[in-house]
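First up is the structure itself, then whatever we jot down about it.
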Amino acid sequence: MVPKDLTLEKQPQAILPPEAEIQAKPAITATQVNLKIVTSDLKIQKTIQKNNRLIGVIHVAAEETLGHYADWLSIATQTIRNLNRLPFGRAITIGQAIKIPLPETGSKDFEEQRYEFHQEILEDFFDSYFVASTQVYDIKSGDTLWFLCVNQLEIPLWLLEKYNPAINLARLKPGQQLTYPLVSPNEIHGDKNGEIHGL
């Protein structure tokens, strides 16, 4: 079913130029999304010197916790909390800037472990599911990112991010449109490669 706001053929009085019709379409299609590799920017955003120690600044990505950062750096989680003045129990949010203490060897090992973590999540998901098609969801007042992914769209946050790279998902606004994938279990179609079908 085509959303009412896109049924231009039923509104002959509203004659739109070609460029307006193009703007009305989703900004990204499934064929433009590389599902097999991690596309998020997982690099250290910048480094600073503090008390003769090298500090890196990262932006929190989907599925990450302070515990992951601590494991990848072989330090206590509280060390990161202290550095960022985060009280015990306060959760971190997608896109939040976090300072991490870097070893003398630099950021390479941290970045590699971070990338491997996200690549494993991706591969595990597509061992079980494939993307059949995409649809557009209009953000409504009261929608939250957690509610959308868990209850409404039933997809992981990192997958929603792949289809909406230009949208700040941490600051959704009513009226925004999100492109989201419809996923199906691989075993139903005998597919084990995480390929896109039905497009």
Side-chain angles (χ1 to χ4, degrees), residues 1-7 22-43 58-69 71-72 90-98 111 113-199:
M1 175 180 291
V2 180
K4 293 181 180 179
D5 58 342
L6 295 183
T7 55
I22 292 174
Q23 291 175 357
K25 296 178 181 178
I28 190 167
T29 64
T31 54
Q32 296 172 315
V33 179
N34 192 333
L35 297 175
K36 294 186 176 181
I37 64 170
V38 176
T39 53
S40 301
D41 183 5
L42 303 177
K43 298 288 186 180
I58 61 174
H59 290 144
V60 176
E63 309 292 340
E64 293 181 344
T65 66
L66 292 181
H68 289 126
Y69 305 149
D71 287 344
W72 301 333
R90 178 179 295 179
I92 56 178
T93 58
I94 303 300
Q96 181 178 351
I98 294 290
E111 290 175 337
Q113 291 183 76
R114 192 183 188 194
Y115 177 86
E116 290 170 1
F117 168 76
H118 286 278
Q119 186 66 38
E120 185 175 342
I121 289 175
L122 185 152
E123 291 173 354
D124 287 347
F125 181 84
F126 286 113
D127 278 345
S128 300
Y129 300 95
F130 74 91
V131 173
S133 62
T134 61
Q135 290 189 355
V136 174
Y137 179 84
D138 294 317
I139 298 298
K140 303 173 182 61
S141 179
D143 279 344
T144 65
L145 195 53
W146 181 88
F147 176 83
L148 285 178
C149 290
V150 174
N151 297 305
Q152 191 73 30
L153 309 181
E154 299 181 340
I155 57 172
L157 173 55
W158 61 263
L159 186 56
L160 184 63
E161 285 184 320
K162 274 183 172 287
Y163 285 86
N164 301 275
I167 295 178
N168 183 348
L169 296 181
R171 296 185 177 181
L172 297 177
K173 300 177 181 178
Q176 281 184 312
Q177 289 190 325
L178 296 180
T179 300
Y180 69 96
L182 297 176
V183 300
S184 296
N186 280 333
E187 56 266 22
I188 292 178
H189 299 276
D191 189 320
K192 298 296 181 181
N193 298 315
E195 298 290 345
I196 300 177
H197 292 272
L199 300 177

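When reading the values below, keep in mind they use all heavy atoms of this one structure, side chains included, and skip hydrogens, waters and symmetry mates. Throughout, numbering of the chain's residues begins at 1 and tracks the sequence. Note that the coordinates shown come from a computational prediction; the quantities given were computed from them, not determined experimentally.
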Apply side chain to side chain contact (heavy atoms under 4.5 Å, CB included) to Asp71 and list each qualifying residue two or more places apart in sequence or on a separate chain.
none
Residue pair Leu42 / Glu111: nearest heavy atoms and the distance that separates them
O-CG, 4.1 Å
What's the spacing between Glu116 CD and Arg114 CZ if we round to 0.5 Å?
13.5 Å
Do Gln113 and His68 have a side chain donor and acceptor closer than 3.5 Å?
no
Output all residues satisfying side chain to side chain contact (heavy atoms under 4.5 Å, CB included) with Ile94, sequence neighbours left out; order by chain, then residue number.
Ala62, Leu157, Glu161
Test ring-ring contact (aromatic ring centres under 6.0 Å, His included) applied to His59 - qualifying residues, sequence neighbours left out
none
I'd like to check the side chain to side chain contact (heavy atoms under 4.5 Å, CB included) partners of Glu63; sequence neighbours left out, ordered by chain and number.
Phe117, Ile121, Pro156, Trp158
Pick out which of Leu169, Ile167, Asn168, Asn164 makes a side-chain contact (heavy atoms from CB on, under 4.5 Å) with Gln176.
Ile167
Would you give the length of the straight line joining atom CG of Leu153 to atom CD of Gln135, rounded to the nearest 0.5 angstrom?
9.5 Å
Between Thr65 (side chain) and Gly67 (backbone), is there a donor-acceptor pair under 3.5 Å?
yes
If every non-hydrogen atom of Phe126 is compared with every non-hydrogen atom of Phe130, which pair is closest and at what distance?
CD2-CA, 4.5 Å
Table please: side-chain donor-acceptor pairs of residues 139-146 below 3.5 Å, with sequence neighbours left out.
| from | atom 1 | to | atom 2 | distance (Å) |
| --- | --- | --- | --- | --- |
| Lys140 | NZ | Asp138 | O | 3.4 |
| Asp143 | OD2 | Tyr137 | OH | 2.9 |
| Asp143 | OD2 | Lys140 | N | 2.8 |
| Thr144 | OG1 | Phe147 | N | 3.1 |

Gap separating the OH atom of Tyr69 from the CD1 atom of Ile58, nearest 0.5 angstrom:
4.0 Å
OH/Tyr129 to CD1/Ile155 distance, rounded to the nearest 0.5 angstrom?
12.5 Å
Measure across Leu148 and Leu172 and return the closest heavy-atom pair with its distance rounded to 0.1 Å.
CD1-CD1, 3.7 Å
Taking only residues two or more places apart in sequence or in another chain, which ones pass side-chain hydrogen bond (donor to acceptor under 3.5 Å, both in side chains) with Glu123?
Gln119
Pairwise side-chain contact, Glu64 with Ile98, heavy-atom cut-off 4.5 Å (strictly under)
no
